[in-house]
2 protein chains.
Amino acid sequence: MLQDTQQKIIDSAIIIFNDDFSAPIEKVADRAEVTRRTLHRYFGERKDLLLACQLEMQKTCRAGMLTAFESSPDLLVKLEQMLYACIDCGSKYSFLNKLHNQQGHIHDHENEECVKYDHSFGLITTVISGLQEEGLVSRQLTVEWMTSLFTGIIRSTIDALTSGTVASASIKKFAWFSFSKGIGA
Amino acid sequence: MLQDTQQKIIDSAIIIFNDDFSAPIEKVADRAEVTRRTLHRYFGERKDLLLACQLEMQKTCRAGMLTAFESSPDLLVKLEQMLYACIDCGSKYSFLNKLHNQQGHIHDHENEECVKYDHSFGLITTVISGLQEEGLVSRQLTVEWMTSLFTGIIRSTIDALTSGTVASASIKKFAWFSFSKGIGA
DNA sequence: TTTAAATGTCTCAAATATGAGAAATTGTTC
DNA sequence: GAACAATTTCTCATATTTGAGACATTTAAA
């Protein structure tokens with residue numbers, strides 16, 4: 001088997017549920033090219049699948065983010081690499097974000113998943129704050145807005161990639177151009 | 001009645017379905033503060049409600065967009081006003097976009113709704129193309145990317161507004177700052 | 001206050017989604 | 001090709017969602 005079935009199911013689930021949170025399990029099975037029955041052998045119920053998605057997203061995003069964060073002492077380079085890393089995470093980034101900011105999620109500092117999320121995604125805030133203190137990005141904008149913008153640009157990029165309207169070769173550079181200028185760098 | 005029940009249901013549906021396309025009708029009814037039974041009196045089945053949402057979004061977005069488009073002969077002012085108009089449309093803008101670009105939508109030039117969509121949203125492309133021809137925005141970026149960016153920034157703005165992380169007084173200005181710089185204006 | 005329209009309550013039938021057992025089928029490995 | 005694991009197929013039972021009838025209750029207007 002080219003790709004592990006379980007992994008394929010998780011990856012499909014992330015894409016499907018990111019697009020449509022209450023979509024029937026069957027859609028996930030279809031995309032993973034397995035029967036609903038097979039899916040259920042790996043994941044007892046919906047909650048279990050969702051949890052597996054959460055772990056997968058957490059793992060991938062965290063790894064990419066940390067590598068990028070440590071890639072350079074230069075804050076601006078860090079940020080650029082983090083942007084690219086998040087684009088590479090694709091819907092894993094989008095969905096993890098959604099789970100922690102929408103869908104009626106109540107952020108809970110006792111919840112281990114929330115803590116892990118904060119730890120990974122807090123790096124973006126850290127870097128942006130640092131840049132602002134050094135006067136390397138606009139002082140008019142708030143850190144919160146720049147963080148929102150970061151997420152928005154990632155989503156634009158992922159959408160553009162999936163719809164195929166923008167060539168994938170140039171898209172990362174476009175994203176960085178727009179983001180860096182957009183925060184006044 | 002302060003607000004027409006039917007309208008309240010439609011507005012709720014736009015918010016709920018934008019967030020979770022396959023959410024049960026009951027969620028919409030809850031948000032609109034009516035019973036599921038009442039909702040069903042206005043909208044026979046799910047499809048009918050969705051259609052009503054579509055019409056409402058089309059109407060609101062189109063009106064805002066056209067007013068903005070005609071607000072000034074200056075292309076850059078047009079674009080700025082269009083950005084503000086779309087922010088004002090809120091989830092109506094987001095959801096209409098989603099419907100025509102995701103959820104397995106097949107764009108069909110025979111379909112009247114698609115034609116109306118293209119006509120309204122094509123204005124953005126028109127203005128951006130114009131600006132690029134006049135050298136007022138970057139020539140490195142493609143029009144497709146700048147359009148994606150436009151949508152991404154609107155979504156960031158709406159998210160930031162609903163989550164309340166960024167003050168609503170300054171947010172439109174932030175959005176315009178980031179978008180205009182982001183396209184190299 | 002009476003009347004009419006809108007909404008809620010209770011109920012039910014049909015449709016769809018979910019989860020799992022049992023046996024048949026496919027695919028891999030030795 | 002026998003033996004084993006993974007997957008499919010077929011089948012059910014259960015849960016949830018959907019849509020609507022019948023009647024009570026509320027609300028707005030005359």
Side-chain angles (χ1 to χ4, degrees), chain A residues 1-57 59 91 94-96 98-99 102-106 113, chain B residues 1-57 59 91 94-96 98-99 102-106 113:
Chain A
M1 63 196 85
L2 269 166
Q3 194 195 8
D4 192 52
T5 303
Q6 183 166 359
Q7 190 60 45
K8 200 173 175 188
I9 293 172
I10 294 174
D11 291 343
S12 304
I14 291 170
I15 292 169
I16 295 290
F17 290 152
N18 179 43
D19 186 55
D20 181 3
F21 190 67
S22 295
I25 299 284
E26 188 128 44
K27 274 200 184 178
V28 177
D30 286 348
R31 185 173 238 276
E33 294 175 293
V34 293
T35 356
R36 194 164 55 85
R37 190 67 191 81
T38 301
L39 187 151
H40 270 299
R41 237 171 234 124
Y42 286 98
F43 306 99
E45 49 184 281
R46 198 189 182 81
K47 247 194 320 185
D48 303 330
L49 177 54
L50 238 344
L51 187 61
C53 290
Q54 179 110 211
L55 294 177
E56 167 68 23
M57 296 187 291
K59 185 165 66 75
S91 21
S94 301
F95 191 33
L96 189 53
K98 260 195 211 175
L99 280 185
Q102 286 171 238
Q103 248 85 38
H105 174 81
I106 292 120
E113 290 304 313
Chain B
M1 61 196 91
L2 269 166
Q3 193 195 8
D4 191 53
T5 303
Q6 183 166 359
Q7 189 59 46
K8 200 173 176 189
I9 293 172
I10 294 174
D11 291 342
S12 304
I14 291 171
I15 292 169
I16 294 290
F17 291 152
N18 179 42
D19 186 56
D20 181 2
F21 189 68
S22 295
I25 299 284
E26 187 129 43
K27 274 200 183 177
V28 177
D30 286 349
R31 185 172 236 277
E33 295 175 294
V34 293
T35 354
R36 194 165 57 82
R37 191 65 192 81
T38 301
L39 187 151
H40 271 299
R41 253 179 220 119
Y42 286 98
F43 306 99
E45 49 185 282
R46 200 190 181 81
K47 247 195 319 184
D48 303 331
L49 177 53
L50 238 343
L51 188 62
C53 291
Q54 179 110 208
L55 294 178
E56 168 67 24
M57 296 188 291
K59 185 165 65 77
S91 18
S94 300
F95 191 32
L96 188 54
K98 260 196 210 173
L99 280 185
Q102 286 171 237
Q103 248 85 38
H105 174 80
I106 292 120
E113 290 304 313

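Fair warning: this is a prediction, and the values are worked out from it, not measured in the lab. Chain naming here is simple, since letters A, B, ... match the order of the sequence lines and numbering starts at 1 in each. FYI, side chains are in, hydrogens and waters are out, and symmetry mates aren't considered; it's all heavy atoms of this structure.
If you measure from atom CD of Gln7(A) to atom P of dA6(D), you get 17 Å, rounded to the nearest angstrom. Here dT18(D) presents its P atom at 5 Å from CD1 of Ile25(B), a figure rounded to the nearest Å. Spacing between atom CZ of Arg37(A) and atom C1' of dT26(C) amounts to 17 Å, rounded to whole angstrom units. dT9(C) atom C1' lies 13 Å from atom CD of Glu26(B), rounded to whole Å. Distance CD1 (Ile9(B)) to P (dA6(C)): 13 Å, rounded to an integer number of Å.
Contacts of Glu33(A) with the nucleic acid, taken as non-hydrogen atoms under 4.0 Å apart, involve only primed sugar atoms and P, OP1 or OP2.
How far CZ of Phe17(A) is from OG of Ser91(A): 13.0 Å, rounded to the nearest 0.5 Å. Met57(B) contributes atom CE, which lies 5.5 Å from atom CD1 of Ile14(B) (distance to the nearest 0.5 angstrom). Distance check: Leu50(A) CG to Phe95(A) CZ gives 5.5 Å after rounding to the nearest 0.5 Å.
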_Derivation and outcome, side-chain contact (heavy atoms from CB on, under 4.5 Å), residues Arg31(B) and Lys27(B)_ = CA-CA 6 Å; Arg31(B) 185 172 236 277; Lys27(B) 274 200 183 177; over 6 Å; no
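For the side chain to side chain contact (heavy atoms under 4.5 Å, CB included) with Leu39(A), the lone residue among Leu49(A), Asp30(A), Thr5(A) that qualifies is Leu49(A).
Within the structure, a side-chain polar atom (N or O) of Thr5(B) is placed less than 4.0 Å from OP1 or OP2 of dT7(C).
Qualifying side chain to side chain donor-acceptor pair (under 3.5 Å) partners for Lys59(A), counting only residues two or more places apart in sequence or in other chains: none.
Taking every heavy atom of residues 38-50 of chain B and every atom of DNA chain D, pairs under 4.0 Å involve His40(B), Arg41(B), Gly44(B), Glu45(B), Arg46(B), by number.
Among the nucleotides dG19(C), dT8(D), dG8(C), the one closest to the side chain of Arg36(A) is dG19(C).
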